[in-house]
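Shown next, in structure tokens, is the structure this report addresses.
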Amino acid sequence: MVYKTSFVIFPLAFLFLNFILISSLANSVPTTLNVLTYGAKPDGSTDSTKAFLAAWNFACASANPTTIIVPKGRFLVRQLIFQGNECKHAPISFRIAGSIIGPGDFRVLARSEQWIMFERVTDVSIYGGVLDAQGTGLWKCKKEDGHCPTGAKSLLFTGSNNIVINGLTSLNSQKFHIVINNSNNVKIDGVKVFADGDSPNTDGIHIQESHSVHITNSRIGTGDDCISIGPGSTSVSIQKVQCGPGHGISIGSLGRVEEEQGVENITVSNVDFTGTQNGVRIKTWGKYSKSFARNIVFQHITMKMVKNPIIIDQHYCLDKPCPKQESGVIVSNVRYEDIRGTSNTEVAVMLDCSKEKPCTGIVMNDVNLVSVNRRALASCGNANGSAKDVVPFTPCLRKD
């Protein structure tokens with residue numbers, strides 16, 4: 001009797017295992033979707049917002065890896081919010097061959113905080129394509145009127161993990177082009193960001209409250225910071241970036257509020273600055289704060305006609321009247337190595353640190369900055385550290 005039961009159980013067990021194996025293989029088959037299938041039109045005038053959201057909802061609900069294809073053409077969309085709360089968290093990638101454009105009337109998007117937002121998503125990738133927010137109308141309004149909406153950020157990832165942005169071009173954002181907020185493990189490679197040099201608040205890439213963000217092989221020219229690193233950012237790496245026009249690469253502003261997260265473990269390497277207002281900058285508000293900026297490396301950098309190649313500004317202020325206080329942000333362990341080129345002003349190095357919390361551990365090594373048709377100078381106060389092979393002479397740093 002025992003043997004007969006075993007002969008019945010073994011074939012059933014074999015069939016059950018076979019079913020599990022086939023099911024698991026079926027579940028791993030990737031899915032490809034095309035936004036045209038959901039009603040998107042590549043004519044630049046038909047609203048394709050619902051089609052993009054429908055494709056996302058299908059991908060979000062799938063347990064299989066999914067690729068969303070955006071073919072050649074111009075796709076007009078209003079605000080897009082891609083929610084990840086209900087997703088199965090299988091990888092989703094966008095392969096964009098065409099352009100995604102915003103409405104010609106800037107007011108459609110300008111009262112929103114963002115144009116395209118990914119919220120609480122995991123394993124999302126964007127490859128190729130163009131985002132054109134058509135923000136020039138809002139820029140003109142701000143210059144001429146002053147009574148204009150703030151504007152929308154073009155692309156925002158918030159509360160997200162394992163993000164890839166590769167080969168994307170962002171044009172003419174109303175406000176910031178690409179924003180990484182409260183996210184982890186983000187890789188941005190080969191992006192191009194362009195806006196007029198006098199366009200207001202059009203930062204190329206802004207990072208805040210995020211960990212492990214890597215930006216490589218990119219070209220950024222805007223009316224504000226090429227890259228800005230805000231409070232709560234840690235382990236950020238920027239390599240092989242061309243910056244200009246714009247305001248350079250900035251850590252900060254920091255210390256606008258008293259209880260604020262700091263910034264640490266930042267590396268900026270192999271960057272070329274051309275015609276920018278600043279090169280590498282740390283800026284903190286002149287008021288009390290518990291924030292900090294530490295363990296920062298700027299290395300292998302070329303400056304070409306940059307107004308402020310190296311600058312620490314601990315008396316930064318936009319809100320008039322300014323508080324006229326000393327910054328409470330602690331700036332420490334900042335290294336400048338192998339930085340050379342030309343300054344567009346006489347002062348090539350400015351270290352304007354806080355009297356109450358002086359900068360410490362400032363190290364300069366192999367820095368050579370010259371000013372065109374005049375002798376380059378360094379201006380520094382309340383900064384402590386060392387310098388070796390540095391031009392211009394920086395009197396507040398001891399010579400090693």
Side-chain angles (χ1 to χ4, degrees), residues 139 142-143 146-151 153 175-176 179 181 197-209 222-233 243 245-264 266 268 273 276-294 296 298 306-332 334 343-360 362 377-384 396:
W139 307 343
K142 288 181 176 181
K143 291 173 187 175
H147 300 288
C148 308
T150 302
K153 308 171 189 74
K175 202 177 177 186
F176 298 178
V179 177
N181 175 66
D198 60 352
S199 56
N201 302 118
T202 54
D203 294 50
I205 302 172
H206 178 69
I207 304 160
Q208 61 186 30
E209 298 180 5
T222 72
D224 211 298
D225 293 330
C226 291
I227 301 172
S228 53
I229 302 170
S233 301
C243 171
H247 294 183
I249 294 179
S250 295
I251 295 175
S253 59
L254 303 177
R256 189 165 193 168
V257 297
E258 180 177 336
E259 299 292 338
E260 182 183 88
Q261 297 180 67
V263 169
E264 62 183 331
I266 312 296
V268 178
F273 295 92
T276 52
Q277 188 178 101
N278 306 290
V280 290
R281 173 169 63 159
I282 299 173
K283 55 180 178 177
T284 75
W285 285 76
K287 58 197 297 188
Y288 181 71
S289 175
K290 297 179 181 178
S291 188
F292 59 83
R294 65 193 181 206
I296 298 163
F298 300 111
V306 174
K307 187 175 180 181
N308 301 296
I310 294 175
I311 179 170
I312 297 177
D313 179 6
Q314 290 213 260
H315 298 92
Y316 181 76
C317 174
L318 288 180
D319 298 337
K320 308 298 181 183
C322 295
K324 295 183 180 180
Q325 300 173 9
E326 291 300 314
S327 177
V329 178
I330 299 175
V331 177
S332 63
V334 183
S343 172
N344 198 26
T345 59
E346 188 175 25
V347 178
V349 176
M350 178 177 287
L351 307 179
D352 183 17
C353 296
S354 169
K355 290 181 181 178
E356 290 190 6
K357 303 287 185 180
C359 301
T360 60
I362 307 298
L377 300 175
S379 172
C380 60
N382 309 304
N384 301 296
C396 57

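This is a predicted model, so every value here is computed, not measured.
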Exercise: identify the closest heavy-atom pair between Ala293 and Leu254:
CB-CD1, 3.8 Å
So, do Val257 and Trp285 sit near enough that their side-chain heavy atoms are less than 4.5 Å apart?
no
Exam field: side chain Lys357 to backbone Val331, donor-acceptor pair closer than 3.5 Å:
no
Just checking, is any N or O donor in the side chain of Ser250 or Arg281 under 3.5 Å from an acceptor N or O on the other one?
yes
Output the distance between atom OG (Ser233) and atom CD (Glu264), rounded to the nearest 0.5 Å.
10.5 Å
What one should report as the nearest heavy-atom pair of Pro245 and Gly197 is CG-CA, 4.0 Å
Tell me every residue that passes side-chain hydrogen bond (donor to acceptor under 3.5 Å, both in side chains) with Asn201, counting only those two or more places apart in sequence or in another chain.
none
Which heavy atom of Ile312 sits nearest a heavy atom of Cys353, and at what distance?
CG2-SG, 4.1 Å
May I ask you to test the Ser332-Phe292 pair for a side-chain heavy-atom distance under 4.5 Å?
no
Shortest non-hydrogen pair, Ile229 vs Val263, comes out as CG2-CG1, 4.1 Å
NZ-CG distance between Lys153 and Asn181, expressed to the nearest 0.5 angstrom
8.5 Å
Take Asp225 and Lys283, measure what salt bridge (Lys or Arg N to Asp or Glu O under 4.0 Å) needs, and give me the verdict at the end.
CA-CA 12 Å; Asp225 293 330; Lys283 55 180 178 177; 3.7 Å; yes
Would you name the heavy atoms of Cys243 and Gly248 that are closest together and state the gap between them?
SG-CA, 3.8 Å
Taking atom NZ as the centre, does Lys287 end up with more than 12 heavy-atom neighbours from other residues, nucleotides or ligands that are less than 6.0 angstrom away?
yes
Sequence-distant partners of Trp139, ring-ring contact (aromatic ring centres under 6.0 Å, His included), two or more places apart:
none
Between the CD1 atom in Ile282 and the CD1 atom in Ile266, the distance rounded to the nearest 0.5 Å is 10.0 Å
Residue set satisfying ring-ring contact (aromatic ring centres under 6.0 Å, His included) with Phe273, at least two apart, ordered chain then number -> none
Establish, from distance only, whether the side-chain atoms of Ser327 and Thr284 form a donor-acceptor pair under 3.5 Å.
yes
Backbone of Ser354 reached by a side-chain donor or acceptor of Gln314 within 3.5 Å:
yes
Taking only residues two or more places apart in sequence, or in another chain, which ones meet Ser289 in a side-chain contact (heavy atoms from CB on, under 4.5 Å)?
Glu260, Ser291, Val329
Are His315 and Asp352 close enough that some pair of their side-chain heavy atoms sits under 4.5 Å apart?
yes
Once you round to the nearest 0.5 Å, how far does CD1 of Ile330 lie from CZ of Arg294?
8.5 Å
Drop me the distance from Asn278's CG to Cys226's SG, to the nearest 0.5 angstrom.
10.0 Å
Specify whether His206 and Phe176 have parallel, tilted or perpendicular ring planes, treating 30° as the upper limit for parallel and 60° as the lower limit for perpendicular.
tilted
Under the 3.5 angstrom rule, does the side chain of Glu326 hit a backbone N or O of Lys355 as a donor-acceptor pair?
yes
Nearest 0.5 Å please: distance from the OH atom of Tyr288 over to the CD atom of Glu258.
5.5 Å
Could you name each residue pair satisfying salt bridge (charged side-chain N to carboxylate O under 4.0 Å, His left out) that touches residues 197-207, not counting sequence neighbours?
Lys143-Asp198
With sequence neighbours excluded, what pairs up with Pro358 under the side-chain contact (heavy atoms from CB on, under 4.5 Å) test?
Asn382, Asn384
